[in-house]
There are 2 protein chains.
Amino acid sequence: MVTREGRAASVKDVAAAAGVSLGTVSNVLNRPDRVSASTRTRVQEAMAELGFVRNESARQLRAGTSRTLAYVMLDASNPFFTDVAQGIESAAEAADLSLVLCNSGNGAPREEAHLALLQQQRVQGVLVTPVNPESPVLEEVRRRGTPLVIVDRTRDDRSFCSVAVDDRLGGRLAVEHLVDRGHTKVAFIGGPIHLGQVRDRLEGARQAWAAAGLPEDDLVVLATEALDVQEGRNAGQRLSGLPTTRRPTAAFCANDLLALGLLQQAIGSGTRVPEQLAIVGYDDIVFASAAAVPLTSVRQPRQELGRTAAELVLDEATNDAHQHQQVLFTPELVARASTLDG
Amino acid sequence: MVTREGRAASVKDVAAAAGVSLGTVSNVLNRPDRVSASTRTRVQEAMAELGFVRNESARQLRAGTSRTLAYVMLDASNPFFTDVAQGIESAAEAADLSLVLCNSGNGAPREEAHLALLQQQRVQGVLVTPVNPESPVLEEVRRRGTPLVIVDRTRDDRSFCSVAVDDRLGGRLAVEHLVDRGHTKVAFIGGPIHLGQVRDRLEGARQAWAAAGLPEDDLVVLATEALDVQEGRNAGQRLSGLPTTRRPTAAFCANDLLALGLLQQAIGSGTRVPEQLAIVGYDDIVFASAAAVPLTSVRQPRQELGRTAAELVLDEATNDAHQHQQVLFTPELVARASTLDG
DNA sequence: CTGTCTGATTGAAAGGTTTCACTTCAACTC
DNA sequence: GAGTTGAAGTGAAACCTTTCAATCAGACAG
């Protein structure tokens, strides 16, 4: 019956309708075995009749805690982060928690607003890929009692749990691969250069370059303003502008979006990939393998990243003897047509 | 001070620390103008001192409603839906509500679980791109008092607000464009065929085909099992397998993921796009224009879709005289290199 | 028939915030 | 100086659920 008399039905209404006490209704909800079968069905019928929905606020107020985990994503439109979210979700599901996603869209104010709300909601824990991992806001969150784990970033002091992927190693793998294929002049494309990710990948690239005994100046750095497709195209134009003799024969891009932009610009301007320009991306998003020339890329264990982060935050939430730890995953190079001619 | 004595600080603690009554603390929180400046700062200092975080459950319990909107996405890894979510977010922000995202991952049980929890949380309203728009679960949600709007789908009866895009028109636009370019044998690629979207886009395609006076049989339907990249590749192989005389010179794909898969397979097997095979996609996701051969696609006003849906759900939540309405947006063809040679 | 045990049910308290009718007090008016 | 006004602050009630000690009814033993 749709008896909507202003407010929603409460346990009290259900109790009245079923002719039992309010404690019994609660028992039906939480410990059905303690209630006789006949009463139980009577109560359940009353609930259905009245369209009763348990009020989570009241429940939580009493219980003191929610059954929710939250992930504040840096950029919901980057497939990398949605994959991470899927990993988190699988761990949350296993722990019988539900996951809510928030999107900061790379904006610090939005991130702060989301974090404030999540604290107020007393979520069990927060996972976040922060705009700035060094921000004091993160400390504040934990100081106020909400467990927090940093995802795909690390903090210089080791004051938080974090999960990330070894970006230096990733950079090394990419450049070693290119060196193996005989390239002796390579461009690194990425930026802003102050981002931890970009810095580390470049550093790894330089290590591999030096290890191969190649002259430092032949690893050219093209700094970009963002890690998106448009910037990839721009970088491509800058490459095309170079005289042939000084033009790199391969490019290592700090993420796949850049690589896809570069690829597009290259093909559009008649450059053959990989014959004239080999390309390595980073992240191995689903669109990398679906590119017209399937992209060689450095794969990160995205789902596992998420899953592990969720497990850490749960440990922090439930285990008194919790120790912060910084988990570092190992990336893996996936070679495809964009570097493999013939 | 990190005085964590078991439980978090409450208004009562703050009141005691600041030497005021509990009502005053509440006033500082909700009507700061009614409190003298000196008391206000004293209370605020006490809050900072104790690391006070307002308990949203208690607030909501008292207020009866939350300041939250929710969107249950069909597939968080499809950029189309994250763009819709961004539109919703902008409307939510304007109304000073926050948005939580849930992902059903195309699974009915997950969708149901999310909907149940959102009702319990007494969210202001729910937006959902349902696995099955005809599901009785949706009626249940509304019957129990939570406003609900259907996004990017429609229901046959008009019992819900919904926002969608005119898929028949989209199909017509795509095929008209191909006919204009002189194609007389075209493949429609999409499926599962029972999906409303796919059905309507195909129907529009057929209308345009018939209107051009072309023989019905020359619009070939290749049914796929899903709308993803892999199925696009598969479809490409099926096309390649056809004898040249019977092979379509153009393909209209029911979404961009299919189109990208098809494009990849085509280029990989040496088919020149668009000279030997023109391709039209649908959705105009960001990766469409970034494809190696930029994809002609039917653009849907994704952000506006989300924004409008959010406005409708808010109207349903706040306006007693609310009337359900089905908003239908107009798609637009964006012509790019995948159909434009020369 | 008394006493004991068990399972089912009850009723009241607690949890943190907001609201609102009420009190207090200082400043002002005539 | 009696009376009025307004601003500032107070305190109890209400929101809905869960928990737990207490009660009840009936079965059973002695």
Side-chain angles (χ1 to χ4, degrees), chain A residues 5-44 46-47 50-67 116-117 119-123 144-146, chain B residues 5-44 46-47 50-68 116-117 119-123 144-145:
Chain A
E5 317 103 347
R7 55 180 195 69
S10 74
V11 273
K12 202 189 282 183
D13 302 323
V14 174
V20 297
S21 83
L22 162 167
T24 301
V25 178
S26 178
N27 280 335
V28 170
L29 250 22
N30 302 298
R31 301 176 209 71
D33 49 304
R34 297 216 189 143
V35 180
S36 71
S38 66
T39 322
R40 192 165 55 225
T41 56
R42 199 147 38 91
V43 170
Q44 283 163 341
M47 286 179 174
L50 297 172
F52 170 79
V53 178
R54 187 207 242 127
N55 185 324
E56 178 67 17
S57 299
R59 173 206 222 285
Q60 225 182 94
L61 175 57
R62 183 62 232 235
T65 174
S66 73
R67 302 293 300 160
L117 194 75
Q119 289 175 80
Q120 291 176 12
Q121 292 175 341
R122 301 288 192 273
V123 294
R144 293 180 172 164
T146 305
Chain B
E5 316 105 347
R7 54 182 193 70
S10 74
V11 273
K12 203 189 282 183
D13 301 325
V14 174
V20 298
S21 83
L22 164 167
T24 300
V25 177
S26 179
N27 280 336
V28 170
L29 249 23
N30 303 298
R31 300 175 211 72
D33 48 305
R34 296 213 190 146
V35 181
S36 74
S38 67
T39 323
R40 193 165 55 226
T41 56
R42 198 147 39 90
V43 170
Q44 283 163 342
M47 287 179 173
L50 297 171
F52 169 78
V53 178
R54 189 205 241 129
N55 185 324
E56 178 65 18
S57 298
R59 171 205 225 286
Q60 227 182 89
L61 176 57
R62 182 61 233 233
T65 175
S66 72
R67 302 294 300 158
T68 304
L117 194 75
Q119 289 175 80
Q120 291 176 14
Q121 292 175 340
R122 300 286 191 274
V123 294
R144 293 181 173 164

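Within every chain, numbering begins at 1; the chains are lettered A, B, ... in the order of the sequence lines, protein sequences first and strands thereafter.
Between the side chain of Arg62(B) and the base of dT18(C), at least one donor-acceptor pair of N or O atoms lies under 3.5 Å.
Here dT17(D) presents its C1' atom at 8 Å from CG of Leu61(A), a figure rounded to the nearest Å. Per the geometry, CD belonging to Gln60(A) stands 15 Å off C1' belonging to dC15(D), to the nearest Å. For Leu50(A) and dC16(D), the CG to C1' distance is 15 Å, given to the nearest whole Å. Between Asn27(A) atom CG and dT10(C) atom P the separation is 10 Å, expressed in whole Å. Arg122(B) places its CZ atom 8 Å from the P atom of dC16(D), with the value rounded to the nearest Å. Following rounding to the nearest Å, Leu22(A) (CG) and dC15(D) (C1') show an atom-to-atom distance of 13 Å. In this structure, Arg42(B) places its CZ atom 11 Å from C1' of dG9(D), rounding to the nearest Å. When the P atom of dT18(C) is taken as reference, atom CZ of Arg67(B) falls 13 Å away, rounded to whole Å.
At the heavy-atom level, Val35(A) lies under 4.0 Å from the strands shown only through sugar-phosphate atoms.
The distance from the CZ atom of Arg59(A) to the OG1 atom of Thr65(A) is 9.5 Å, given to the nearest 0.5 Å. To the nearest 0.5 Å, atom CG of residue Asp13(A) and atom CG of residue Leu22(A) are 10.0 Å apart. Separation of atoms OG (Ser10(B)) and CG (Leu50(B)) is listed at 9.0 Å; rounding is to 0.5 Å. Note that CD of Gln119(B) and CZ of Arg54(A) are 13.0 Å apart. Values are rounded to the nearest 0.5 Å. We find the CZ-OG1 distance between Arg34(A) and Thr39(A) to be 15.0 Å, quoted to the nearest 0.5 Å. For the atom pair CG (Asn55(B)) and CD (Gln120(A)), the distance works out to 9.0 Å, reported to the nearest 0.5 Å.
Between dT19(D) and Arg31(A), a contact under 4.0 Å exists linking OP1 or OP2 to a side-chain N or O. Taking 4.0 angstrom as the limit, Asn55(B) places none of its side-chain polar atoms (N or O) nearer than this to OP1 or OP2 of dT17(C). The phosphate of dG9(D) (OP1 or OP2) has a side-chain N or O of Thr39(B) nearer than 4.0 angstrom. Residue Ser36(A) has a polar side-chain atom (N or O) positioned under 4.0 Å from OP1 or OP2 of dT9(C). The phosphate of dT19(C) has neither OP1 nor OP2 within less than 4.0 Å of any side-chain N or O from Ser26(B). The phosphate of dT10(D) has OP1 or OP2 within less than 4.0 Å of a side-chain N or O from Thr24(B). Close to dT18(C), at under 4.0 Å from its OP1 or OP2, lies a side-chain N or O of Arg54(B). The phosphate of dT10(C) has OP1 or OP2 within less than 4.0 Å of a side-chain N or O from Ser21(A).
Within the 4.5 Å cutoff, no side-chain heavy atoms of Arg144(A) are placed close to those of Thr146(A). Residues Ser66(B) and Gln121(B) form no side-chain contact, since every pair of their non-hydrogen atoms from C-beta on lies 4.5 Å or further apart.
When the local axes at the two ends of the helix from dC1(C)-dG30(D) to dC30(C)-dG1(D) are compared, using 5 base pairs at each end, they differ in direction by 50° after rounding to 10°.
Checked against dG16(C), dA8(D), dA8(C), the side chain of Val11(B) finds its nearest nucleotide in dG16(C). Taking only side-chain atoms of Val20(B), from C-beta outward, the nucleotide of dG16(C), dT18(C), dT10(D) with the closest atom is dT10(D). Each of dC16(D), dT10(C), dT17(C) was ranked by its minimum atom distance to the side chain of Ser10(A); first place goes to dC16(D).
Residue-to-nucleotide proximity on DNA chain C shows that, of Arg40(A) and Arg59(B), the 5′-proximal contact is made by Arg40(A). Residue order along DNA chain D, read from the 5' end via each residue's closest nucleotide, puts Gly19(B) first among Ala58(B) and Gly19(B). Nucleotides of DNA chain C nearest to Gly23(B) and Gly23(A) differ in position, and the one nearer the 5' end is that of Gly23(A).
Residue Val25(A) is tested with Val35(A), Asn30(A), Val20(A) for a side chain to side chain contact (heavy atoms under 4.5 Å, CB included); the sole match is Val20(A).
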